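Written out below as structure tokens is the structure these notes cover.
Note that the structure is a prediction, hence the values are computed from the model and not measured.
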Amino acid sequence: MRALKFLLVIALVAAGLGYAGSSHSLMAFDWPIFAICMGLAFAVQWLMFIPAYIWQTERYFDLTGSLTYISVTLLAFFLAAKEDTRSIVLLAMVLVWALRLGSFLFTRILQDGSDHRFDEIKPNFARFFVVWTLQGLWVSFTAAAALAAISSEATLELQLWDGFAIALWLLGFAFEAISDRQKRIFRADSANKGRYIDSGLWAYSRHPNYFGEICLWIGVAILALPVLQGWQYAALLSPVFVIVLLTRISGIPGLEAGADKRWGEEEEYQAYKQNTPVLIPKLKR
């Protein structure tokens with residue numbers, strides 16, 4: 001019953017997003033391109049859920065999400081056939097991010113062997129299906145600004161102030177990629193087994209990868225803004241969704257709770273936690 005309620009909420013949110021994003025969207029096959037892309041995002045998750053449940057594996061979950069971003073954004077770009085510079089840059093932003101993150105997460109799970117977050121979920125058909133459906137909503141909501149702009153009836157060539165959006169995306173991408181690599185190298189060293197990372201970018205923020213993620217999606221939304229119209233402005237909730245997801249739901253809260261459980265009684269960790277911001281980096285003296 002709980003899973004059914006979750007699915008109903010997801011369906012209502014998806015319907016609202018689909019309606020808003022489809023406003024002033026170019027058409028293909030008598031359907032708004034934005035709606036077509038959202039439909040594909042969910043269809044891919046449901047298709048991949050079948051073998052994932054049969055073989056009880058989450059190994060391709062993150063990879064599927066990244067490939068879905070790539071698929072829906074490419075579909076929007078080619079169906080819209082606008083090929084203006086703004087659309088090309090937005091396409092590149094999503095593709096580069098998805099390729100980098102997807103390959104990183106897939107390599108990580110191949111090395112780790114499994115993702116323990118799914119241990120209790122996989123055997124339950126309804127709960128596992130909800131998780132895959134949520135990924136469809138995650139893709140749709142996060143990419144909404146880019147998809148709405150690429151499929152929008154309006155076009156506007158890049159202006160000088162668009163450089164700020166591109167610079168913000170570059171900053172965020174660099175933060176996320178560098179911090180992920182630093183943490184992976186840290187964990188690969190057997191001398192650091194069972195320890196927390198407090199070096200590199202992690203000396204300035206306890207979650208620099210999430211800071212980067214938030215920055216880059218804000219950059220995408222700012223770049224998309226000039227060509228949005230009417231209800232399409234609802235797509236600007238994309239970075240808000242990312243912020244809420246990472247800071248209130250599935251990202252930072254769980255990681256902070258896990259860290260407190262493992263190292264909370266250590267004085268060094270308490271000092272690190274006290275002197276290092278949870279998200280926004282702070283330069284130290």
Side-chain angles (χ1 to χ4, degrees), residues 13-48 64-102 135-170 172-173 216-242:
V13 173
L17 178 64
Y19 175 81
S22 296
S23 170
H24 298 284
S25 173
L26 293 169
M27 307 290 285
F29 313 111
D30 295 325
W31 280 84
I33 293 174
F34 186 92
I36 294 174
C37 292
M38 274 196 66
L40 176 63
F42 282 97
V44 171
Q45 311 316 308
W46 294 333
L47 181 64
M48 292 303 299
T64 299
S66 298
L67 292 177
T68 305
Y69 276 103
I70 294 171
S71 300
V72 298
T73 312
L74 282 172
L75 180 64
F77 182 78
F78 286 113
L79 288 181
K82 294 194 303 185
E83 298 185 4
D84 61 303
T85 308
R86 187 177 304 273
S87 294
I88 293 172
V89 174
L90 285 168
L91 173 68
M93 284 176 164
V94 177
L95 294 191
V96 171
W97 169 82
L99 286 170
R100 203 287 308 176
L101 185 62
Q135 180 156 256
L137 184 64
W138 170 60
V139 172
S140 300
F141 233 125
T142 307
L147 294 176
I150 292 172
S151 63
S152 177
E153 296 170 341
T155 58
L156 177 66
E157 286 302 320
L158 294 180
Q159 308 296 314
L160 183 61
W161 57 80
D162 289 317
F164 172 75
I166 296 172
L168 186 58
W169 184 91
L170 289 171
F173 182 81
L216 69 87
W217 286 113
I218 292 176
V220 169
I222 293 173
L223 190 64
L225 174 60
V227 294
L228 301 183
Q229 306 174 72
W231 282 102
Q232 283 184 321
Y233 286 114
L236 295 177
L237 289 173
S238 166
V240 177
F241 173 79
V242 173

Donor-acceptor under 3.5 Å (Ser87 side chain, Glu83 main chain): no

Over all atoms of both residues, closest heavy-atom pair of Ala149 and Leu228: N-CD2, 3.8 Å

Closest contact, heavy atoms only, Ser238 versus Ala143: OG-N, 4.4 Å

Interatomic distance, Leu79 atom CG to Ser25 atom OG [nearest 0.5 angstrom]: 9.5 Å

Any side-chain heavy-atom pair of Ile166 and Met93 under 4.5 Å: yes

Interatomic spacing from OG in Ser22 to CH2 in Trp231 - rounded to 0.5 Å: 13.0 Å

Side chain to side chain contact (heavy atoms under 4.5 Å, CB included) against Trp46, all qualifying residues, sequence neighbours excluded: Phe42, Phe129, Thr133

Side-chain (Arg86) to main-chain (Thr155) donor-acceptor, under 3.5 angstrom: no

Thr68 and Met48, any side-chain heavy atoms less than 4.5 Å apart: no

Nearest heavy-atom neighbours spanning Ala154 and Gln229: CB-NE2, 3.4 Å

CD on Gln135 to OG1 on Thr64, rounded to 0.5 Å: 6.5 Å

4.5 Å side-chain heavy-atom contact, Ile222 and Ile218: yes

Aromatic centroids of Trp169 and Trp97 separated by under 6.0 Å: no

CG on Leu40 to CD on Gln45, rounded to 0.5 Å: 9.0 Å

4.5 Å side-chain heavy-atom contact, Ile150 and Thr73: yes

Mutual orientation of the aromatic rings belonging to Phe241 and Phe141 [parallel < 30°, tilted 30-60°, perpendicular > 60°]: parallel

Partner set under side chain to side chain contact (heavy atoms under 4.5 Å, CB included) for Leu74, not counting sequence neighbours: Ile70, Phe78, Leu91, Leu95

Separation of Tyr69 OH from Leu99 CG (nearest 0.5 Å): 13.5 Å

Sub-4.5 Å side-chain heavy-atom contact between Lys82 and Ser152: yes

Any Phe34 side-chain heavy atom under 4.5 Å of Gln232 side chain: no

Flag side-chain contact, heavy atom, 4.5 Å: Ile33 against Leu147: no

Sub-4.5 Å side-chain heavy-atom contact between Leu90 and Val94: no

Non-hydrogen atoms of Ser66 and Gly102 that approach each other most closely: OG-CA, 3.0 Å

Taking every non-hydrogen atom, the tightest pair across Ala146 and Val220: CB-CG1, 3.8 Å

Asp162 side, atom CG; Thr85 side, atom OG1 - distance, nearest 0.5 Å: 10.5 Å

Contact summary for Leu17 and Ala144, nearest pair of heavy atoms: CD1-CB, 4.1 Å

